[in-house]
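Input: a single structure, listed below in structure tokens.
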Amino acid sequence: MRNSVPSASAGTAAVVSCHVERPLDDDAWSRFDRLQRRRPGGFDVVALVRPPDREYGEDEEAWLERAYAAAARAPFGLHTHWTSPTHARPTGGDPAERVRREAEWMRAHGLAPAYFCGGGWYTDDAVRAVVAELGLVDCTPRTGTPAPGVLPTTHSLGALARAVLRPLPAYVHAYFHDYDLLDPARRRALSAALAVLGRRARPL
Ligand SMILES: [Zn+2]
């Protein structure tokens, strides 16, 4: 692999984020915790965390302890799942109201979310308006370049693994899921790709 890595493209600015989907799963959390501490490729991994869902019996205290640890290390954000822990997109209700409620719940518990990414990449005009009103940087768009209040998420793990072997675009925002870290092959692919990205791009 070393021989096939193109030389540095000084112009690339990169962001790395993780959708922390299973914050209460001990295995997924410990993998994420270790990775975030390690700062792979020299990147602070932005934790976009799904809040605890009381309707599904999720433990708020355990969640908060982990969220405080993640927020102390790197930028922190809200990852809303509208329907259930495993069903991200909305199936009813008022999606914007849920974003506001979750961000305010985080703030009431001493967290300062600065980023937002809609579960299942869902958004709508009202959600965008609430995200902007709350002062959150929106990572939900899948294409484009940074703009005030927006940091599009451009590369999945697979796309990143391919992209780092070619000339890089000026902006890369790579994301993965905490549960990707449970799969040894995906974990290795992520570490390798971030190591190369770290040599070829600067953190935004
Ligand atoms: Zn999600």
Side-chain angles (χ1 to χ4, degrees), residues 15-33 35-36 43-60 62-64 66-67 69-71 73-106 109 111 113-124 126-128 130-131 134 136-144 150-161 172-183 186-187 189-190 193-194:
V15 180
V16 179
S17 64
C18 177
H19 294 190
V20 181
E21 307 271 338
R22 303 182 190 173
L24 295 171
D25 175 316
D26 291 344
D27 291 338
W29 173 257
S30 67
R31 288 285 176 192
F32 171 71
D33 184 64
L35 183 94
Q36 202 189 32
F43 292 100
D44 284 328
V45 177
V46 180
L48 298 165
V49 187
R50 184 180 62 74
D53 195 328
R54 258 180 301 181
E55 281 184 42
Y56 289 84
E58 294 189 320
D59 182 340
E60 292 185 354
W63 186 94
L64 283 165
R66 292 177 176 184
R73 281 197 290 267
F76 185 82
L78 167 62
H79 178 59
T80 292
H81 274 206
W82 280 278
T83 300
S84 79
T86 55
H87 188 139
R89 293 174 73 89
T91 43
D94 179 348
E97 189 277 329
R98 180 155 184 153
V99 172
R100 181 191 302 283
R101 176 159 42 91
E102 290 187 338
E104 288 177 349
W105 180 84
M106 284 180 165
H109 288 83
L111 290 161
Y115 297 81
F116 171 79
C117 188
W121 309 108
Y122 178 83
T123 191
D124 60 34
V127 167
R128 276 186 289 272
V130 165
V131 168
L134 292 166
L136 304 176
V137 174
D138 196 353
C139 302
T140 311
R142 295 305 313 278
T143 57
V150 182
L151 276 182
T153 304
T154 58
H155 288 69
S156 65
L157 173 51
L160 177 69
V172 171
H173 179 164
Y175 88 99
F176 60 97
H177 303 96
D178 54 354
Y179 57 74
D180 290 328
L181 303 173
L182 297 174
D183 178 321
R186 293 185 74 74
R187 197 162 67 232
L190 177 68
L194 291 180

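The analysis underlying the following values was restricted to heavy atoms, covering all of them including side chains, and did not include hydrogens, waters or symmetry mates. Order of listing sets the numbers, starting from 1, for every ligand and every atom in it.
Each protein N, O or S atom less than 2.8 Å from the Zn ion (ligand 1) was counted, giving 4.
Looking at heavy atoms from C-beta onward, Ser156 lies in side-chain contact with Tyr175 at the 4.5 angstrom threshold. Inter-residue side-chain proximity for His173 and Ser17 is flagged as met; some heavy-atom pair is nearer than 4.5 Å.
Between Tyr122 and Trp82, the ring planes are perpendicular. Angles over 60° get that label, and only those under 30° would be called parallel. By the 30° and 60° cut-offs, the orientation of the rings of Trp63 relative to Phe76 is perpendicular.
Salt-bridge annotation for Arg98 and Asp124: absent, with no side-chain N of the basic residue lying under 4.0 Å from a carboxylate O of the acidic one.
If you run side-chain hydrogen bond (donor to acceptor under 3.5 Å, both in side chains) between His81 and each of His87, Arg89, Glu102, Glu21, only Glu21 comes through.
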